[in-house]
Protein chains: 2
Amino acid sequence: MSLRYAILGYLSTAPGTGYDLSRQFDAGLGWFWSANHSQIYPELRRMTEAGLIDREPIKVTANLDKFTYSITPKGRDELRRWAASKPTYAPNRDSERLQLIFSDEAPENLRAHFEAHIAYFAFRRNQLAATLADMLGHKHPRVNLRLDRRRPDDAAVTLKLRELAYSGDIARAELEIEWAQRGLEWLDAKPAGVPTTQAWPPHEDHLDE
Amino acid sequence: MSLRYAILGYLSTAPGTGYDLSRQFDAGLGWFWSANHSQIYPELRRMTEAGLIDREPIKVTANLDKFTYSITPKGRDELRRWAASKPTYAPNRDSERLQLIFSDEAPENLRAHFEAHIAYFAFRRNQLAATLADMLGHKHPRVNLRLDRRRPDDAAVTLKLRELAYSGDIARAELEIEWAQRGLEWLDAKPAGVPTTQAWPPHEDHLDE
DNA sequence: GTCGGCATGTAAGCGGTTACATGATTGG
DNA sequence: CCAATCATGTAACCGCTTACATGCCGAC
């Protein structure tokens, strides 16, 4: 249940609304964790009930209320406890690789597969690189806020950790692009051979195995 | 719902039991998709009802029945249709990176974090490399079975796709190891400075923001 | 006035995890 | 005989997705 900690982490910089969180999960934070608003609002309620965050209504106009959430001491303790705990790794579920392995059953679309892979990771790489450049150039308002609230030594740690996280994911995206390009090069080099129009093995093979 | 296709893919080589699948998800297949037996058995029932696979009881002894499942023509068509479809990418959820980003709140355990990361990916790399070596050396029984049932040209495709998938994940594991080592080097180079025993910012900061 | 973005919520359903449950076989 | 492994299932719960639902605000 990392959603709770993603929220605590976000609010550990400064208070924010549910909508702020929802947008963050579509942008910056979303590279590492994502969630829909339908998941966020109930979780904010539970976290408020658990005393991890405080909810405060703010009158925007006569007819419109918003709610800001701020982290409580208990919430910050919980965030620190989690941050210091050993990382866990979810069981691998990579539908793209799975698909590739069994694409010997339908090799005619391999080119499109690799091209889609490149497009996906090129987009990711560009987004991550742009955000990282913003952070390092002190043009990222929320990261700036976090840095300003820390002693210089600690601020350097904050920035370095972001740099590590982002550059790690950028390197991973670049690796995936190069990997898919190797796939394309193999397709280019591979002699077309007899076009595999006939399904193989033939359907009858499923009998009496 | 890739579980269904992981099962179809496995059975597209040769028939197998629910228990076989369960073990595969803990081993080879498990590097790309995983599932518990409590998920597998109900899914096998649904797939049988949908006509994608056939269930056949096999008398092991007087008191023990097992069931083998084999892919049907309809199942193979469905597998091919899926294999030829565009790859999809699940929203990113990487609790390790999320944890790292907010570890400026609890930097005392960063060394353990990077070390755990290295241990995890070193294990993955070794397992993947061993399996890949088996496959390329034609020492992997089930992959051999798959290769034998294909025409030489197609068998080369089967093997190449496995090689791509495994080598891609091996490279990724090595990247993660190098990345974590850069983290450790940074920790080593970083002057210990004033030990950050005092929590910062102090708890009072959550008021009137 | 209507359209897109701001803003907050609920409900149904699905996929995955954890736990419960049972029994046979094999090897030490 | 006992433990580990083989083998198959069900039930409760949880987290996430998709869809439903409502209403305000500012810009054109």
Side-chain angles (χ1 to χ4, degrees), chain A residues 1-8 10-11 15-27 29-30 32-50 53 55-69 82 88-95 98, chain B residues 1-8 10-11 15-27 29-30 32-50 53 55-69 82 88-95 98:
Chain A
M1 208 208 346
S2 293
L3 171 60
R4 174 161 295 194
Y5 301 106
I7 292 175
L8 284 175
Y10 180 79
L11 296 178
T17 69
Y19 191 74
D20 289 338
L21 276 159
S22 173
R23 272 182 314 173
Q24 269 303 302
F25 281 124
D26 293 336
L29 251 190
F32 306 107
W33 201 265
S34 76
N36 303 318
H37 77 273
S38 61
Q39 208 185 349
I40 293 168
Y41 290 113
E43 181 64 18
L44 285 170
R45 187 180 49 72
R46 284 189 292 266
M47 290 168 73
T48 306
E49 284 163 9
I53 54 177
R55 174 188 166 112
E56 211 175 327
I58 47 171
K59 267 266 176 295
V60 179
T61 66
N63 297 319
L64 180 62
D65 270 324
K66 304 202 304 183
F67 304 94
T68 40
Y69 296 90
W82 170 75
T88 59
Y89 297 87
N92 229 42
R93 287 207 178 80
D94 187 338
S95 68
L98 186 71
Chain B
M1 210 209 340
S2 294
L3 171 61
R4 172 161 296 194
Y5 300 106
I7 293 175
L8 284 175
Y10 180 79
L11 296 179
T17 69
Y19 191 74
D20 288 339
L21 276 157
S22 173
R23 271 182 315 172
Q24 268 303 303
F25 281 124
D26 292 338
L29 250 191
F32 305 107
W33 201 265
S34 75
N36 304 318
H37 78 272
S38 61
Q39 208 186 349
I40 292 168
Y41 291 112
E43 181 64 18
L44 285 171
R45 186 180 50 70
R46 284 189 291 266
M47 290 168 72
T48 306
E49 284 163 9
I53 55 178
R55 173 189 167 113
E56 211 175 329
I58 46 171
K59 267 265 174 296
V60 180
T61 66
N63 297 318
L64 181 62
D65 271 325
K66 304 203 303 184
F67 304 94
T68 40
Y69 295 89
W82 170 75
T88 58
Y89 298 87
N92 230 43
R93 288 205 177 82
D94 186 337
S95 68
L98 186 71

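A, B, ... follow the sequence lines: proteins, then strands. Residue 1 opens every chain. Computed from heavy atoms alone, side chains included, the values below leave out hydrogens, waters and symmetry copies.
- Atom pair B:Ile58:CD1 and D:dC6:P shows a separation of 15 Å (rounding to whole Å applied).
- Checked against ring-ring contact (aromatic ring centres under 6.0 Å, His included), A:Phe25 has no partners two or more places apart in sequence or in another chain.
- Direction change of the helix axis from one end of the helix from C:dG1-D:dC28 to C:dG28-D:dC1 to the other is 20°, with five pairs defining each end axis (rounded to 10°).
- A straight line from CZ of A:Arg55 to C1' of C:dA7 spans 12 Å, rounded to a whole angstrom.
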Please encode protein proximity along nucleotides 10-20 of chain C as a string of B, S and -, counting only heavy-atom distances under 4.0 Å. BB---SBBBB-

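- B:Tyr69 pairs by the ring-ring contact (aromatic ring centres under 6.0 Å, His included) definition with nothing, not counting sequence neighbours.
- What separates CG of B:Leu21 from C1' of D:dC6 is a distance of 15 Å, to the nearest Å.
- When rounded to the nearest whole Å, the span between CZ of A:Phe25 and C1' of D:dT17 equals 15 Å.
- Between the OH atom of B:Tyr19 and the P atom of D:dT5 there is a distance of 8 Å, rounded to whole Å.
- One atom, CZ of A:Arg23, and another, P of C:dA7, lie 6 Å apart when rounded to the nearest Å.
- In this entry the distance linking CG of B:Asp26 with P of D:dC6 reads 11 Å, nearest Å.
- Residues passing the ring-ring contact (aromatic ring centres under 6.0 Å, His included) test with A:Tyr5 are A:Trp82, sequence neighbours excluded.
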Let me check something: any side-chain donor-acceptor pairs from residues 39-49 of chain B under 3.5 Å, sequence neighbours excluded? List them with distances.
| residue | atom | partner | partner atom | Å |
| --- | --- | --- | --- | --- |
| B:Glu43 | OE1 | B:Arg46 | NE | 3.2 |
| B:Glu43 | OE1 | B:Arg46 | NH2 | 3.0 |
| B:Glu43 | OE2 | B:Arg4 | NE | 2.8 |
| B:Glu43 | OE2 | B:Arg4 | NH2 | 3.2 |
| B:Arg45 | NH1 | B:Glu49 | OE2 | 3.1 |
| B:Thr48 | OG1 | B:Leu44 | O | 2.7 |

